[in-house]
Amino acid sequence: MATSSFQPTNKLVKWFDKQLPILSLIHGSVGPGYPSPKNLNYWWNFGSLAGFFLVVQILTGIILAMHYVPQSDLAFDSVEHIMRDVNYGWLLRYMHANGASMFFLVVYIHIFRGLYYGSYKHPREVLWFLGLIIYLLMMATGFMGYVLPWGQMSFWAAKVITNLFSSIDLVIPGVGTSIVQWLWGGFSVGEPTLNRFFSLHYLLPFLIVGVVILHIWALHIPGSNNPLGIDVKGPQDQLPFHPYYTAKDMFGIGVAMIVFAILVFYEPNLLGHTDNYIKANPLQTPPEIVPEWYYLPFYAILRSIPNKLLGVIALFTSILILFAMPWLDRSKVRSARFRPVYKVFFWCLLVDVLVLGHIGSKPTDTILFQIGSVKIDYVTFGQVFTAYYFLHFFVIVPLVGIFEKPKPLPESISKAVLKAGGAAAVALLMLVAPMTSHKAMAQEDSSTEALTPPKQQWPHHGPFGHYDRAAVQRGFQVYKEVCHTCHSLNYFAFRNLEQIGFSEAEAKAVAQEFMVEDGPNDDGDMFMRPARLADHMPPPFPNDQAAKAANGGALPPDLSVIIKAREHHEDYVYALLTHFGEEPPAGMKIQAGLNYNPYFAGRQIAMPPPLQPELVDYADGTTATLDQEAHDVVTFLAWMSEPKLEARHELGFRVMAFLIVFTILLYFTKKRIWARVKDKE
Amino acid sequence: MTTSQPAAEQGDGRSRRDFLLIATSALGAVGAAVTLWPLVDQMNPSADILALSSTEVDIAAVETGQAITVVWRGQPVFVRHRTPEEIKEAEDVKVADLRDPQPDTERVMKPEWLIVLGVCTHLGCVPLGQKQGEKRGDYGGWYCPCHGSEYDTSGRIRQGPAPANLPVPPYTFLDATHVRIG
């Protein structure tokens, strides 16, 4: 099927295109003027999908930058402002956070597709390099974006990753430190670091766009590779890109949008880390730090090498080694379909990388299994898989390239569009694998290790979940009368009461119970006045130091996002509140001023038993048992952590319904268009 | 394609394909258009901004003939304690001759207190005339330094490019000396 150059019939179009041939360019790049091999399977969808998610990221990112404040005291607050007050802010932020995951996922599949079908081989080496440069830029962009919310994980990711460069000190003393301080703009990660990361996070995506254009340009010189890996012999092997592959790509985008929407609307925090809902604290590293899932395999490689410099070298080598693939692989046959030995090792590499990703998500001292007295922990395990990773590239690929006897190649590209069932299943596996491996395993063996809280039923869970309004209101009463003695609720404004069923007059009455500082007045003095609807809940203590001093040195955390900031969420807080006063196990010493609680990390907590039966007199007449109070206040805090959950569920339902219908239509449209090819044959 | 095959069949196939293509494209266009709304709406005032909608002012210290400027929704509001002459001037104007006809009685709750938004209706500058000695224009109210619009003692446009009177914000007298704007 021959393709033609752009020949418009419309006079105006002709006139315009003659002076600026941009329409010709589009026609020849992604239009009918780009002849593509007719046998591209669904693995070839992931290039256009990557482009789609790049656009999603840039659009949502530009918008988030309109509301985000790159200032270390305000960054975290501005993100919560986006989540709570900006119109559709929650949607845009969840799209951006999960869009990054989707972008990496499709790019990983795209890279592995290239490895399987030999797309890095002559004449496409430059195309391969450009792709890898895009990937490197993505890693830098993703990392800096993760720093911006300025949560605990943000801060410590920034510190650890920038400190990779300090390993240069081991080669030339002092140089590493100088580089790291140059990156930070100070003696630690701080204000200047956040500012420059924001600037660069905004810039790099546009560099990515530039390299993507080069990538597509380089693609069009030799044309697309194909599942058979053999060269196109003539027009009979080709189809015009439009409408055949545009239709197929659109169907792929439909499917990807469904996966994306499930994440955004129903599991928006699945791939994030609870600790990133805790404001950055430069004086305290979280108990375990984990990078975003898309860096986990490399993180595992870094950790498995017990030498700082070598670990960093291994980390960078593991990525840069991909640049050498065109030379490491000596085989002239591109597609693994005709390379029985390489094919096996390809799958081994994929499994190796997935296992490395799983290892990277685990704390280093986790024991994997025990044979007699020999304990195999995750580090040892990681070393084996790291060794295999390098073995694959440095030994297996070159040797297989030389000694493998490939199967005979077909004469020309076969006529049928290849079946994609198996491919889709593997794609799904790749999608699910990193997500499941991300969840930490429960450990209940040691007596100081916190117990895993039992699962409770919460009516706001599930795709159609709604908050129990009455429970939220009662929970607010518990918070106000009990928790507020010590815990602040900084993101709560009295106007928010109207969202949980208070009338404006009732909300005003509640606000007037609190005094807030205002001023200065005309005499220059600050003064106290009753709170109004627009005011935020005043904190019980003027600052953290006062809060600590009044609570035996322990800082009662702010409760605004506490449910999202703790593993096991509602279940954890509920279990914690309902398990005070139990007898500690024999032999366990409880420090003075602490209380035993089996669900708290270390099982000793500074908070005295906060709840007891009949502590509040419920306005709606409900009997205030301890369980009831705990249940209500947890429901209130869940609402406080995620006030837009109901809007999210409702919009999610509509979006899902639309996307499913749309994707089915896209599928049949694609089928219709491809039926023309079958008709011709 | 043989001639004995009815042409209608081919036509059917094509029209079904066309219908499918049109339906898919139309749905896609609708989806894209609807998706635009959150991207646009996010620029509208956010919930916290909308909530900052009232300001309380103590007017006890404002002498006759004086004016104060208070901030409401990030914009200046002029609160002027008018003299009897200013009130008379404002009331005696022939309403029909005005560019934006409105009697003074519709613009005040208490004649001695004029409360208007201090933003010129031309292009948004803050007119002069609040402080003693500032230029007030020929009508004794306010004079906008940007493009020369002149307002009278009721804040109505009398001369210059501005199309409308200075708007009166919603307000209530809480008591004799306190006003809540918004």
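Throughout, a chain's letter reflects where its sequence line sits, starting with A, and its residues are numbered from 1. Every heavy atom of this structure was used, including side-chain atoms; hydrogens, water molecules and symmetry mates were not.
Here the CG-OG1 distance, from B:Leu39 to A:Thr60, works out to 8.5 Å after rounding to the nearest 0.5 Å. Atom-to-atom distance recorded for A:Thr669:OG1 and B:Leu20:CG is 4.0 Å, nearest 0.5 angstrom. Distance check, rounded to the nearest 0.5 Å: CZ of A:Arg84 to OG of B:Ser46 gives 13.5 Å. Rounded to the nearest 0.5 angstrom, B:Thr35 OG1 and A:Met257 CE are separated by 8.0 Å.
Of all heavy-atom pairs spanning B:Ala51 and A:Ala534, the tightest one is O-CB, 3.4 Å.
Inter-residue side-chain proximity for A:Arg495 and B:Asp48 is flagged as met; some heavy-atom pair is nearer than 4.5 Å.
Heavy atoms of B:Ile49 lying under 4.5 Å from chain A are absent altogether. When heavy atoms are compared at a cutoff of 4.5 Å, A:His536 does not approach chain B at all.
Residue B:Lys110 qualifies as enclosed at atom NZ: its count of foreign heavy atoms under 6.0 Å is above 12. Residue B:Met43 places its CE atom among 12 or fewer non-hydrogen atoms of other residues, nucleotides or ligands, all under 6.0 Å distant. By the 6.0 Å contact criterion, OH on A:Tyr667 is open, its count of non-hydrogen atoms from other residues, nucleotides or ligands being 12 or less.
Put simply, of B:Ser25, B:Ala61, B:Ala47, the one with the most heavy-atom pairs under 4.5 Å next to chain A is B:Ala47.
Inspection of non-hydrogen atoms places A:Asp85, A:Val86, A:Asn87, A:Tyr88, A:Leu91, A:Leu92 of residues 85-93 of chain A under 4.5 Å from chain B. Heavy-atom proximity under 4.5 angstrom to chain B picks out A:Phe658, A:Val661, A:Phe662, A:Leu665 from residues 653-665 of chain A.
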